[in-house]
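First up is the structure itself, then whatever we jot down about it.
Per chain, numbering begins at 1; letters A, B, ... match sequence-line order.
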There are 2 protein chains.
Amino acid sequence: MKSKRTSLQDIADIVGMTKMTVSRYLKNPELVAPSSRVQIETAINKLGYIPNRAPNILSKGKSYAIGVLFPSISNHVFDEVLRGIESITEPAGYQIMIAHYAYSEQLEEKRISSLLSFHVDGLILSESVHTQNTLRMIQGAGVPVTEIMDTRTPPIQQAVGFDNEDAARQMTDRLLSKGYQNIAYIGAKGDVRDLARQRGYEQALKKSGQESIVFRSPEFTSIRLGSEILDDILAIRPKIDAAICTNDDVAIGMLVSCKKKGLRIPEDLAITGMHGHEMGQLISPNLASVITPRFKIGQVAAQQLLLRINGASNIEPFIDLGFEINEGESI
Amino acid sequence: MKSKRTSLQDIADIVGMTKMTVSRYLKNPELVAPSSRVQIETAINKLGYIPNRAPNILSKGKSYAIGVLFPSISNHVFDEVLRGIESITEPAGYQIMIAHYAYSEQLEEKRISSLLSFHVDGLILSESVHTQNTLRMIQGAGVPVTEIMDTRTPPIQQAVGFDNEDAARQMTDRLLSKGYQNIAYIGAKGDVRDLARQRGYEQALKKSGQESIVFRSPEFTSIRLGSEILDDILAIRPKIDAAICTNDDVAIGMLVSCKKKGLRIPEDLAITGMHGHEMGQLISPNLASVITPRFKIGQVAAQQLLLRINGASNIEPFIDLGFEINEGESI
DNA sequence: TTGAAAGCGCTAACAA
DNA sequence: TTGTTAGCGCTTTCAA
């Protein structure tokens, strides 16, 4: 049970050759005598050899792994992004190492440090704000980095995403054009994207002459959060007739709460979300939402990163993949 | 920009010492002359040094990383499990490397091979069935493995979870005792746990003399799937009065569809889920579900694994952490 | 308080 | 067709 891991040498010893021949067999079997091949194959099958990447990482300085950081793995936004990333990395023979950091800059720093200590060849980050230390580490490691989701904040090297501010502005304009008079913005423990959305909302309202009404919870977004804050909001501002939620989870929570209270949507309260998740499209009424190109974001981010890992230097600093507005039935 | 990664030697060169002194400073600063410390510190801050784990992995055969495999990162079941795992690994100084395999044995094999090639010190797997190759690799690597969720299938070394068969049996018994007469089981692209649940359901029905009615979709579970299959099920078996769904996602989808169609829950159709997710407790009516100790499962799995990584040999092969039934309002 | 040497597992380059 | 050598970056051990 405690036997140590099989090495090339172990195999070589069994078949009476040097590890070099075994190594050759693994990479270019045709360079090894057919009779030897059989012996080596047999020995490997018996011992269960697993290649060890450490020596290669050490001598080539390349791991064929890329690090992917998500704020939270329970946030459905990132499922699709991950699928997009893998659609590129998998065929290219790159491993991805996923880590998450609960929206904390400090944890992000720790995770990045850890990923870099395993010598990842590149990083995909989901945040646009980082600690000083993080920036220094990335600099020191000399690896390419792509930041996703946000195309507003100046990136470390490159950003792939969409314009959160514009998305919220357009959604707010829709509500205004439909005649809503008291539109609130519902934020949560705010990352920069949430804040960008709030800005977009505020600008649209300002242009129309309406007063902005912002609620911001210190909690992470969740369906539960959305369902709990409805009462608070109505207590403070009973007259609001529309709520722009920072994302679909919060919006769905509010929507569920409204139904429980007997509020009609959108007659009594219009609700909008962000990202266009499955759940929002299944419930009734369908949730109005900004449909974001999450798969594409992952795909393009990975493509760009691989290009740069392989030496490309003509970096486009911002790649904006746009979004669509789905009015659903909730506005 | 393309400058290569900073090494201890780079720092040593700047301060005019050997890398050995720099290495000492990093591990035991008190062994280094105060004047040297300042110089080294300055150089490190300037260059952004990141320790390189590869040499240590190479010479010690230990990475202080453990591999965690989930079938899907969009399955909410595993959020809590992950938090449980991290509650143990984080303070113990172990890194976790997350990977997912879309419920495919082949992909699982690939992921395990990759994780092992990075020399992870142990593995937490979410599946109880594996390819021959997977078993051989794990054998060859000589790393401890803990399989989670299922305590029915004989584990490679150790299983931590709950009894899916018993959970479904107990839930079925509840429905029977409430007088339901046509209880169906709704499965999906079935892993062994899904199949274990079906067995539990069938046994309970058999004991009561009722006929079992099983629907099984070839798709992965999702809210959408649940919402789409309701019509099919009612078309084939219009008389069913209760549906035991393989998990909460499917159950929530069915529930949403029922509401759209104007079916009353539980009067026209009773619905039950599995795992007790947040969403099920927020919607109306509250979803009946088996509440599983997911955080605890992660915690115990990680504890056991670390113990074994550090040499413990008294392995309890099955650790059953139980479950609770929440009747909610949907039965 | 600092340094020198050796070695972890593998493969590129060269040799036989 | 197979073998030998050297070296990737770091730490352990021994020496100064």
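A salt bridge links B/Glu80 to B/Arg83: one of the charged nitrogens lies within less than 4.0 Å of a carboxylate oxygen.
The backbone N or O of B/Ser63 lies less than 3.5 Å from a partner atom in the side chain of B/Asp121, making a donor-acceptor pair. Under a 3.5 Å cut-off, the side chain of A/Glu147 and the backbone N or O of A/Pro155 do not form any donor-acceptor pair.
A/Asp13 places its CG atom 12 Å from the P atom of D/dG3, with the value rounded to the nearest Å. Rounded to a whole Å, the CZ atom of A/Phe118 is 15 Å from the C1' atom of D/dG9. Going from atom CZ of B/Arg53 over to atom C1' of C/dC8 covers 17 Å, rounded to whole Å. At whole-Å resolution of the value, OH in B/Tyr25 and P in D/dT11 are 14 Å apart.
Each end of the helix from C/dT1-D/dA16 to C/dA16-D/dT1 gets its own rotation axis from five pairs of C1' atoms, and the angle between them is 40° to the nearest 10 degrees.
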With a 3.5 Å cut-off and sequence neighbours excluded, list the donor-acceptor pairs that the side chains of residues 22-35 of chain B form with protein atoms.
unit_1  : atom_1 : unit_2  : atom_2 : d
B/Tyr25 : OH     : B/Glu41 : OE1    : 2.3

Show me the donor-acceptor pairs within less than 3.5 Å that the side chains of residues 103-117 of chain B make with the rest of the protein, sequence neighbours left out.
unit_1   : atom_1 : unit_2   : atom_2 : d
B/Tyr103 : OH     : B/Asn75  : ND2    : 3.1
B/Ser104 : OG     : B/Gln106 : N      : 3.2
B/Ser104 : OG     : B/Leu107 : N      : 2.9
B/Glu108 : OE1    : B/His130 : ND1    : 2.8
B/Glu108 : OE2    : B/His130 : ND1    : 3.2
B/Glu109 : OE1    : B/Thr131 : OG1    : 2.7
B/Glu109 : OE2    : B/Asn133 : ND2    : 3.0
B/Lys110 : NZ     : A/Glu90  : OE2    : 3.1
B/Arg111 : NE     : B/His100 : O      : 3.0
B/Arg111 : NH1    : A/Glu90  : OE1    : 3.3
B/Arg111 : NH1    : A/Glu90  : OE2    : 3.2
B/Ser114 : OG     : A/Gln95  : OE1    : 3.0
B/Ser114 : OG     : A/Gln95  : NE2    : 3.4
B/Ser117 : OG     : A/Arg53  : NE     : 2.9
B/Ser117 : OG     : B/Ser114 : O      : 2.7

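The stretch residues 35-46 of chain B has no heavy atom under 4.0 Å from DNA chain D, so no residue of it qualifies as close.
In this structure, B/Arg294 and B/Val77 have side chains that are in contact, with non-hydrogen atoms separated by less than 4.5 Å.
For the residue pair B/Thr153 and B/Arg193, no side-chain donor N or O sits within less than 3.5 Å of a side-chain acceptor on the partner. Donor-acceptor pairing under 3.5 Å is lacking for the side chains of A/Glu316 and A/Gln158. A donor-acceptor contact under 3.5 angstrom links the side chains of A/Asn45 and B/Arg136, judged on distance only.
The side chain to side chain contact (heavy atoms under 4.5 Å, CB included) search around B/Asp13 returns B/Gln9, not counting sequence neighbours.
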Enumerate all atom pairs, one protein N or O and one N or O from nucleotides 9-13 of chain C, separated by less than 3.5 Å.
unit_1 : atom_1 : unit_2  : atom_2 : d
C/dG9  : N2     : A/Pro55 : O      : 3.3
C/dC10 : OP1    : A/Tyr49 : OH     : 2.5
C/dC10 : OP2    : A/Leu8  : N      : 2.8
C/dC10 : N4     : A/Lys19 : NZ     : 3.4
C/dT11 : OP2    : A/Ser23 : OG     : 2.5

